[in-house]
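Read the structure below first, then the notes.
One-based numbering, in listed order, for ligands and for the atoms of each.
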Amino acid sequence: MTETESVESFRLRARAWLAVNMPRLADVPPPASDEDDIGEWLRARELQKKLYDGGFAGICFPTEYGGLGLTPAHQRAFTDESDGYEMPLPLNLPTFAICAPTILDAGTEDQKRDRIGAAIRGDEVLCQFLSEPSGGSDLAGLITRADRDGDTWVLNGAKTWSTSAYAADWALCLARTNWDVPKHHGLTMFLMPTKAPGVTMNRVRMVNGSLEFCEEFFDDVVLPASAVVGEVDGGWAVASRQLFHERNAMGGGSPYVSGKRGHGGMSHVGPAAVAAALRRSGDPRVRELVGRGIALETVARQTSARVTRAIASGALPPTAASLLRLLHAEVSQLNDDLSLKIAGSSAGFGNAETPGVTGKAGVGFLMRQGGSLGGGSTEMSRNVISERLLGMPREAALDRDVPFKQVKRGR
Ligand SMILES: Cc1cc2nc3c(=O)[nH]c(=O)nc-3n(C[C@H](O)[C@H](O)[C@H](O)COP(=O)(O)OP(=O)(O)OC[C@H]3O[C@@H](n4cnc5c(N)ncnc54)[C@H](O)[C@@H]3O)c2cc1C
């Protein structure tokens, strides 16, 4: 057995490699438009290839699937060292933090080797096809169907709110394969090529102008039996792992995220930056508002570290990731609110290309609700925390234990 490199030695090696091989953020012009730009995705793939060639990609993924098989402490050291360098940040979510670990948990050897390996090399991007136009909170009640046809599966239905699907090669797609059993028991997870014949994908423009989301329609999309991730009709177990990874990542607990800072997207301008831009950092009222944000962020960071450790040691169940997800929403919404409050009417200045710091606070506020919906809504997180962690009575559900085909749907 080869000895694992110490975190300190890894850190020093990373520091030296980054200085020679990765561009410094200060030397890279900010993207012309928001983060959904296709050029940025090509750039992210290029940067990921550089990390792979340099031996710094997939730090916590097992070596047999192309990773380095190192610990979260090695990843944290690399992330600290990479601050100030251009990093392939768009690949963190959902590819590395959500989809790849789900495949690692539930996929076949081929799926793990092929999909995780290709993502780590920078060759492929992954996305999630979970939510449907009929609603995302009741994920187990989805109606996209997959019917067996000999050795293949034929999928029909629609998905929506798929983050950056336009830039992805493969999607983890949850579909109903059995209508004769209660809703959680008749689902199967598939790995679907996003450009498979029969997939129609549209980009969805949001109120802040971003085209990050996509919607997909499936018309007789044929997938081989090898596309099944986990067990046939066992898709809920796979989806549960996926949601765990998503909530964990949103709360800052994922060991698979590499790098922490870019030029900053349209929606990521914080209260302190707005105060500084308006030269109001000395105003006692503004300081109080900035302080509120910093206080909650500090509490969230420390709680996140504590909960992550407790999940890893088994002291808390994986469903405790809902605590992280809830905290993330609280922090991001408070920051959006505070930024807008400090910016005041100047949040309305600027244009789409050059909104300025205060204009960014205004645009960021338009996406305020996103923080309480992505990865499952805050209300659903509160339900999970009350039912699964605190042992409170379960929410009434008329469809529990009822074969799905008998469940009344729609109007
Ligand atoms: C930033 C972002 C990224 C996303 N990325 C993806 C992605 O990549 N792939 C994907 O598949 N989806 C994605 N989504 C969709 C997301 O998973 C859904 O928005 C979410 O699950 C909620 O579903 P919905 O929007 O259909 O709301 P609904 O399910 O229609 O819910 C509407 C409201 O009712 C509340 N509600 C519903 N049921 C209950 C209940 N039982 N108890 C209490 N309150 C309830 C909800 O909390 C919500 O406030 C993303 C969303 C966002 C905002």
Side-chain angles (χ1 to χ4, degrees), residues 34-36 90-100 102 125-144 157-168 170-175 183-184 187 189-190 192 194 199 201-208 210-218 235 238-240 242-247 249-251 265-268 322 325-326 328-330 332-333 336 364-388 392-400 409-410:
D34 206 352
E35 291 163 20
D36 53 20
L91 299 180
N92 279 333
L93 275 174
T95 298
F96 287 126
I98 305 174
C99 300
T102 305
V125 173
L126 298 156
C127 71
Q128 312 189 79
F129 288 171
L130 300 175
S131 305
E132 301 196 348
S134 53
S137 295
D138 183 20
L139 182 60
L142 60 78
I143 53 176
T144 287
K159 296 284 174 181
T160 190
W161 311 132
S162 349
T163 306
S164 53
Y166 65 93
W170 292 83
L172 281 168
C173 176
L174 193 61
K183 62 181 182 180
H184 292 91
L187 299 167
M189 189 70 79
F190 294 90
M192 175 189 279
T194 55
V199 176
M201 186 185 289
N202 302 319
R203 293 180 71 173
V204 178
R205 185 174 291 281
M206 290 190 289
V207 66
N208 66 351
S210 163
L211 285 163
E212 169 194 340
F213 287 127
C214 295
E215 59 178 5
E216 301 80 22
F217 300 93
F218 308 143
V238 184
S240 299
Q242 196 166 333
L243 292 175
F244 161 73
H245 289 300
E246 176 152 25
R247 288 163 190 170
M250 291 180 76
M266 194 60 100
S267 55
H268 296 119
S322 287
R325 195 257 161 282
L326 187 57
H328 163 77
E330 298 287 315
S332 78
Q333 290 198 335
D336 285 343
F365 186 78
L366 296 176
M367 267 305 278
R368 175 188 189 279
Q369 290 313 113
S372 69
L373 284 169
S377 72
T378 47
E379 289 79 12
M380 299 311 282
S381 294
R382 289 183 199 279
N383 284 353
V384 172
I385 292 165
S386 63
E387 295 174 10
R388 313 282 286 278
M392 291 164 82
R394 287 187 72 177
E395 184 182 14
L398 295 178
D399 55 4
R400 191 170 295 141
R409 288 190 300 279

Polar contacts were defined as any N/O atom of the residue lying under 3.5 Å from an N/O atom of the ligand; does this apply to W161 and ligand 1? yes

Backbone or side-chain N or O of L130 under 3.5 Å from ligand 1 N or O: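 For ligand 1, there is an N or O atom that lies under 3.5 Å from one belonging to L130.
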
The one among [options] that brings a heavy atom closest to [atom]:
{"atom": "atom 30 (O) of ligand 1", "options": "A396, G141, G135, A171", "value": "G135"}
{"atom": "atom 17 (O) of ligand 1", "options": "S131, G136, S377", "value": "S131"}
{"atom": "atom 19 (O) of ligand 1", "options": "L373, T378, L172", "value": "L373"}

Is there a heavy atom in S162 that sits closer than 4.0 Å to ligand 1?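 The answer is yes: ligand 1 sits under 4.0 Å from a heavy atom of S162.
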
Nearest protein heavy atom to [atom], by residue and atom, and its distance?
{"atom": "atom 53 (C) of ligand 1", "answer": "G374 N, 3.4 Å"}
{"atom": "atom 45 (C) of ligand 1", "answer": "M380 SD, 4.0 Å"}
{"atom": "atom 2 (C) of ligand 1", "answer": "F213 CZ, 3.3 Å"}
{"atom": "atom 36 (N) of ligand 1", "answer": "S137 OG, 4.2 Å"}
{"atom": "atom 9 (N) of ligand 1", "answer": "Q128 O, 3.1 Å"}

Looking at G375, is its backbone amide N or carbonyl O close enough to the side chain of R247 to form a donor-acceptor pair, meaning the two atoms are under 3.5 Å apart? yes

Parallel, tilted or perpendicular: which fits the ring planes of W161 and F213, with parallel below 30° and perpendicular above 60°?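 Geometry flag for F213 against W161: perpendicular rings.
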
Of all the atoms in ligand 1, which lie at a distance below 4.0 Å from a heavy atom belonging to [X]?
{"X": "N383", "answer": "40 (C), 41 (N), 42 (N), 43 (C)"}
{"X": "T163", "answer": "3 (C), 4 (C), 5 (N), 6 (C), 7 (C), 8 (O)"}
{"X": "E395", "answer": "40 (C), 41 (N), 42 (N)"}
{"X": "E379", "answer": "43 (C), 44 (N), 46 (C), 47 (O), 49 (O)"}
{"X": "G370", "answer": "53 (C)"}

If you measure from [atom1] on [X] to [atom2] on [Y], what distance do you get to the nearest 0.5 Å?
{"X": "L126", "Y": "L93", "atom1": "CG", "atom2": "CG", "value": "12.0 Å"}
{"X": "L172", "Y": "F190", "atom1": "CG", "atom2": "CZ", "value": "12.0 Å"}
{"X": "M250", "Y": "S322", "atom1": "CE", "atom2": "OG", "value": "11.0 Å"}
{"X": "L243", "Y": "S381", "atom1": "CG", "atom2": "OG", "value": "9.5 Å"}
{"X": "E379", "Y": "S372", "atom1": "CD", "atom2": "OG", "value": "6.5 Å"}
{"X": "K159", "Y": "M201", "atom1": "NZ", "atom2": "CE", "value": "13.0 Å"}

R400, CZ: over 12 other non-hydrogen atoms inside 6.0 angstrom: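 Yes, CZ of R400 has more than 12 neighbouring heavy atoms, counting only those of other groups under 6.0 Å.
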
Under-4.0 Å heavy-atom contact between protein and atom 33 (C) of ligand 1: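 No, no protein heavy atom sits under 4.0 Å from atom 33 (C) of ligand 1.
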
Within the structure provided, determine whether C127 and T194 are in side-chain contact (heavy-atom separation under 4.5 Å).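 Yes - at least one pair of side-chain heavy atoms lies under 4.5 Å apart.
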
Under the side chain to side chain contact (heavy atoms under 4.5 Å, CB included) criterion, do T163 and E212 qualify, and how do the steps go? CA-CA 6 Å; T163 306; E212 169 194 340; 3.1 Å; yes

